[in-house]
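Report on one structure; see the data block that follows.
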Amino acid sequence: QVQLVESGGGLVQTGDSLRLSCAASGSTFSRLRMSWFRQAPGKERKFVAAISWSALNIVYAESVKGRFTISRDNAKNSLDLQMNSLKPDDTAVYYCAAGQVFSTLKGEYDYWGQGTQVTVSS
C-alpha cells in the first residue's frame with residue numbers, strides 16, 4: 001500500500017515558478033515508477049513527467065519539456081516537480097502517481113495523490 005500527498009500548488013503569474021512536492025508513505029516507494037499528471041477543469045488527466053525509481057529514466061510531455069524538472073529523493077520518500085516559466089495553459093490540478101511500470105499512460109499507475117491546484121494568471 002502506498003499513499004501519496006501533493007503540496008506546493010498555488011496562484012502565480014505567467015513566468016513565475018513553483019515547486020510541487022509529493023510525499024509518499026509505504027515501503028515500496030523506491031521501487032516504484034513515479035509521475036506527475038495534470039487535469040484542467042472539464043478535461044482529461046494528462047501526462048506531465050515520469051521518472052523511474054533509479055532516476056535514470058525520465059520523460060516529459062512535449063508541452064513542459066525545458067520548463068519542468070521532475071526529481072525524486074528515495075531516502076526522503078518524496079517526488080518533486082520544479083515548474084519554471086509557467087503559463088496559463090499550465091493551470092490544472094496536479095497529481096502525483098506511482099506504478100510498477102514506467103509509463104506515460106495514466107491507466108498504468110496504481111496509486112494517486114489527491115492533487116494540488118496550480119493556477120497561472122496571465
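Keep in mind that this is a model prediction, so the values were computed, not measured.
Remark: Tyr94 pairs with no residue by the ring pair (Phe, Tyr, Trp, His ring centres under 6.0 Å) rule, at least two apart or across chains. With sequence neighbours excluded, the residues forming a salt bridge (charged side-chain N to carboxylate O under 4.0 Å, His left out) with Lys65 are Glu62, listed by chain and number. Evaluation of the side-chain hydrogen bond (donor to acceptor under 3.5 Å, both in side chains) rule for Thr91 yields no partner, not counting sequence neighbours. Under the salt bridge (charged side-chain N to carboxylate O under 4.0 Å, His left out) criterion, Asp90 pairs with Arg38, Arg67, not counting sequence neighbours. Remark: Thr119 engages Gln117 in a side-chain hydrogen bond (donor to acceptor under 3.5 Å, both in side chains) (not counting sequence neighbours). Remark: Asn84 engages Ser17, Gln82 in a side-chain hydrogen bond (donor to acceptor under 3.5 Å, both in side chains) (not counting sequence neighbours). Scanning for salt bridge (charged side-chain N to carboxylate O under 4.0 Å, His left out) contacts around Arg45 gives an empty result, with sequence neighbours left out. Contacts of Tyr60 classified as ring pair (Phe, Tyr, Trp, His ring centres under 6.0 Å), with partners at least two apart in sequence or in another chain: none. Phe47 pairs by the ring pair (Phe, Tyr, Trp, His ring centres under 6.0 Å) definition with Phe37, not counting sequence neighbours.
Residues Arg19 and Asp80 are paired through a salt bridge, judged by an N-O separation under 4.0 Å between the basic side chain and the carboxylate.
Residue pairs that meet the disulfide (SG to SG under 2.5 Å) test with at least one member in residues 79-122, sequence neighbours left out, are Cys22-Cys96. For residues 32-83, no pair satisfies disulfide (SG to SG under 2.5 Å), with sequence neighbours left out.
Across every non-hydrogen atom of Lys106 and Glu44, the tightest pair is NZ-OE1, 3.9 Å. Residues Leu18 and Leu86 come closest through the heavy atom pair N-CD1, 3.9 Å. Of all the heavy atoms in Tyr109 and Ala50, the pair that sits closest is OH-CB, 3.8 Å.
Remark: Asn77 CG to Ser25 OG distance equals 8.0 Å, nearest 0.5 Å. Taken to the nearest 0.5 Å, the NZ atom of Lys46 stands 8.0 Å off from the OG atom of Ser63.
With Asn74 contributing its side chain and Trp53 its backbone, the two residues share a donor-acceptor pair below 3.5 Å. Gln114 contributes a side-chain N or O that, together with a main-chain N or O of Glu6, makes up a donor-acceptor pair within less than 3.5 Å. Side-chain atoms of Thr116 never come within 3.5 Å of backbone atoms of Ser7 as a donor-acceptor pair (strictly under, hydrogens ignored).
Looking at heavy atoms from C-beta onward, Thr14 lies in side-chain contact with Val120 at the 4.5 angstrom threshold. Here the side chains of Val93 and Val118 are not in contact, with every heavy-atom distance at 4.5 Å or above. Contact check for Pro88 versus Ser122: side-chain heavy atoms found under the 4.5 Å cut-off. Residues Tyr95 and Val48 form no side-chain contact, since every pair of their non-hydrogen atoms from C-beta on lies 4.5 Å or further apart. Gln3 has its side chain out of reach of Tyr111: every pair of non-hydrogen atoms, C-beta onward, lies at least 4.5 Å apart. Considering only heavy atoms from C-beta on, Leu20 comes within 4.5 Å of Met83 through its side chain. Residues Trp112 and Leu4 fail the side-chain proximity criterion, which asks for heavy atoms closer than 4.5 Å. Under the 4.5 Å side-chain criterion, counting only non-hydrogen atoms from C-beta, Val64 is not in contact with Trp36.
Taking Ile, Leu, Val, Met, Phe, Trp and Tyr as members and joining any whose side-chain heavy atoms lie under 4.5 Å apart, directly or through other members, Leu105 forms no hydrophobic cluster with any other residue.
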For this session: Take Leu32 and Val2 through the test side-chain contact (heavy atoms from CB on, under 4.5 Å) and record every step on the way to the result.
Result: CA-CA 10 Å; Leu32 294 175; Val2 176; 3.6 Å; yes
